[in-house]
Amino acid sequence: MLTQLFSSSDSRRSVFSTKTLASLAKGRIPGQVVVQYTDHCNASCAQCAMRVSNDFPRTKLDVDQVRRLLDAMAERNVQAVSFTGGEPLLYLDEIVSLINHAAQVGIQYIRTGTNGFLFRGSNPDDFEKKIHGIAEKLAATSINTFWVSVDSADPETHETNRGLRGIVRNLERGLSIFREYGLYPSANLGINRLTGGPKPIVCRRPDGSLDADRFRQEFTNAFARFYEFVEGLGFTIVNACYPMSLDADEAGQNAVYAATSEDDFIRFSAEEKPLLFQALMDTVPTFRDRLRVFTPRSSLLSLIRQYQGQSEECYGCRGGIDFFFIDSKDMNTYPCGYRGGENLGKFWDLDLHSRDTSMRCLECDWECFRDPSELIGPLLDLRTQPFQLAKRCFSDKTFFTTWLEDVRYYRACGYFNARTAPDYAALARFRRV
Ligand code: SF4
Ligand code: SF4
């Protein structure tokens, strides 16, 4: 049953190897490391302290050192690595060589992405030549995920925020060239108040209180507009990053990963967040047959419950246990991008076996770590505490039916592999009538 659920629908390839199932039995899950290759960036996003206008000493990792890092990851059963930034594709050839190295040492899921600057260009011949060159380079690697950031359903709003002009009008053609090489990039939304268009979603009454119903409805409409927009551009995969605003009482105040901001554009109150997550949860099913929508509804359900004071029903984040973040400044390891007070030193010196697996952090909503932690939580329970899991299945049917549906959907999506076309016949099973 387990193997069947986690084999991909197209190739019957098992997502979890025997080695991985063995580590689940020991209370561990396949490792994931986010490597911030650089904090150099050429964009001006309001949601991020790495924007080009911020003056701070910029850094980049050394390629040979990252190769050593990848060797250490493979030795420790890390199955997924993301090369992020800043803008990683400012160093396209280095990233390509590191993707190749990661694949050679046996890392299965390799991801990188771009803020989209590559899609700029006004001369059609030069543009086509450039994109063919990039697609050919990436297609020759074993990359599994290639994201392109999109901030809004309104092109002008997106480009104004990024400070990068002429991207959206070229994306449609660019994506069709990528498809010629068998590459299916994902649209990556960082949820913000302009997701649906140029007018910020605020929904405050004259007395300053939140109009909750209107807020939820406006965000439901905004997410639908966004999905329709990226589908129209030719994306077949879409992801949503939950807002990482910096509040004084959030883990974010020590963030080592500077992809955070205090800007109102991205800042949501604890009252707004469950409504935001509910709006996304309501919208996702209506697009599951048209796009491969990465966002798991079971994770959103847990986040909603957490913000409603039921955090005991959430699976703890695996940041600092099985998931880690590598900082571009000194190549040191942190539990995640946000627990900046916990410098764990060099990854190759880390003894992963000695990590405290009872840690249960729910301090932030970083989708990169929270979503997989929720998705894999029941599997971990199945291997380590099956009776407790059985008890919870009976007492919390809502979570488990939602989770099971997510797992079935992930399988129908071929686990969001950027190297396969969507199987619309498989996705049609999730059509909402
Ligand atoms: S969000 Fe990404 S593209 Fe935008 S400024 Fe930050 S690192 Fe650069
Ligand atoms: S919830 Fe996860 S990503 Fe967020 S602070 Fe805790 S360990 Fe880090």
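Atom set for the values below is all heavy atoms of this structure, side chains included, hydrogens, waters and symmetry mates excluded. Residues take their numbers from the sequence shown, with the count starting at 1. Counting convention: from 1, in listed order, for ligands and their atoms alike.
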Margin query: Below a 4.0 angstrom heavy-atom separation, can you tell me which part of R370, side chain or backbone, both or neither, approaches ligand 2?
Written below: side chain

Next item on the list: Kindly assign one of parallel, tilted or perpendicular to the pair F294 and Y410, based on the angle between their ring planes and the thresholds 30° and 60°.
Entry: tilted

Next item on the list: Pick out which of T114, N239, D151 makes a side-chain hydrogen bond (donor to acceptor under 3.5 Å, both in side chains) with N188.
Entry: N239

Note to self: Could you tell me, atom by atom, which parts of ligand 2 come under 4.0 Å of a heavy atom of C361?
What the structure shows: 1 (S), 5 (S), 6 (Fe), 7 (S)

Check: Which atoms of ligand 1 are found less than 4.0 Å from any heavy atom of C45?
Finding: 1 (S), 3 (S), 4 (Fe), 5 (S)

Notebook entry, point to check: What class does the angle between the rings of F119 and F178 fall in, given that below 30° is parallel, 30 to 60° is tilted and above 60° is perpendicular?
Noted result: tilted

Item checked: Geometric class of the Y315/F399 ring pair [parallel <30°, tilted 30-60°, perpendicular >60°] -> tilted

Next item on the list: Might you work through the ring pair (Phe, Tyr, Trp, His ring centres under 6.0 Å) test for Y334 and Y257, ending with a clear yes or no?
Entry: CA-CA 10 Å; Y334 293 83; Y257 186 33; over 10 Å; no

Item checked: N/O/S atom of C41 inside 2.8 Å of atom 6 (Fe) of ligand 1, strictly under -> no

Next item on the list: Look at the rings of F268 and F215 and say which category their plane angle falls in: under 30° parallel, 30 to 60° tilted, over 60° perpendicular.
Entry: perpendicular

Next item on the list: Give the atoms of ligand 1, by number and element, whose distance to some non-hydrogen atom of A43 is under 4.0 Å.
Entry: 3 (S), 5 (S)

Checklist line | Ligand-residue contact atoms, ligand 2 with G319, heavy atoms, under 4.0 Å | finding: 7 (S)

Next item on the list: Just jot down the ligand 1 atoms closer than 4.0 angstrom to any heavy atom of G86, in number order.
Entry: 7 (S)

Notebook entry, point to check: Above 12 or not: heavy atoms from other molecules or residues under 6.0 Å from CZ of F387?
Noted result: no

Next item on the list: Below 4.0 angstrom from a heavy atom of C48, which ligand 1 atoms are there? Numbered from 1 as shown, please.
Entry: 1 (S), 5 (S), 6 (Fe), 7 (S)

Item checked: Subset of ligand 2 atoms that lie under 4.0 Å from at least one heavy atom of C336 -> 3 (S), 5 (S), 7 (S), 8 (Fe)

Margin query: Using a distance threshold of 2.8 Å, state whether an N, O or S atom of C364 lies below it from atom 8 (Fe) of ligand 2.
Written below: no

Next item on the list: Between Q36, R51, R162, flag the one that comes closest to atom 5 (S) of ligand 1 by a heavy atom.
Entry: R51

Check: What is the ring orientation for F400 with W403, classed by angle as parallel under 30°, tilted 30 to 60°, or perpendicular over 60°?
Finding: perpendicular

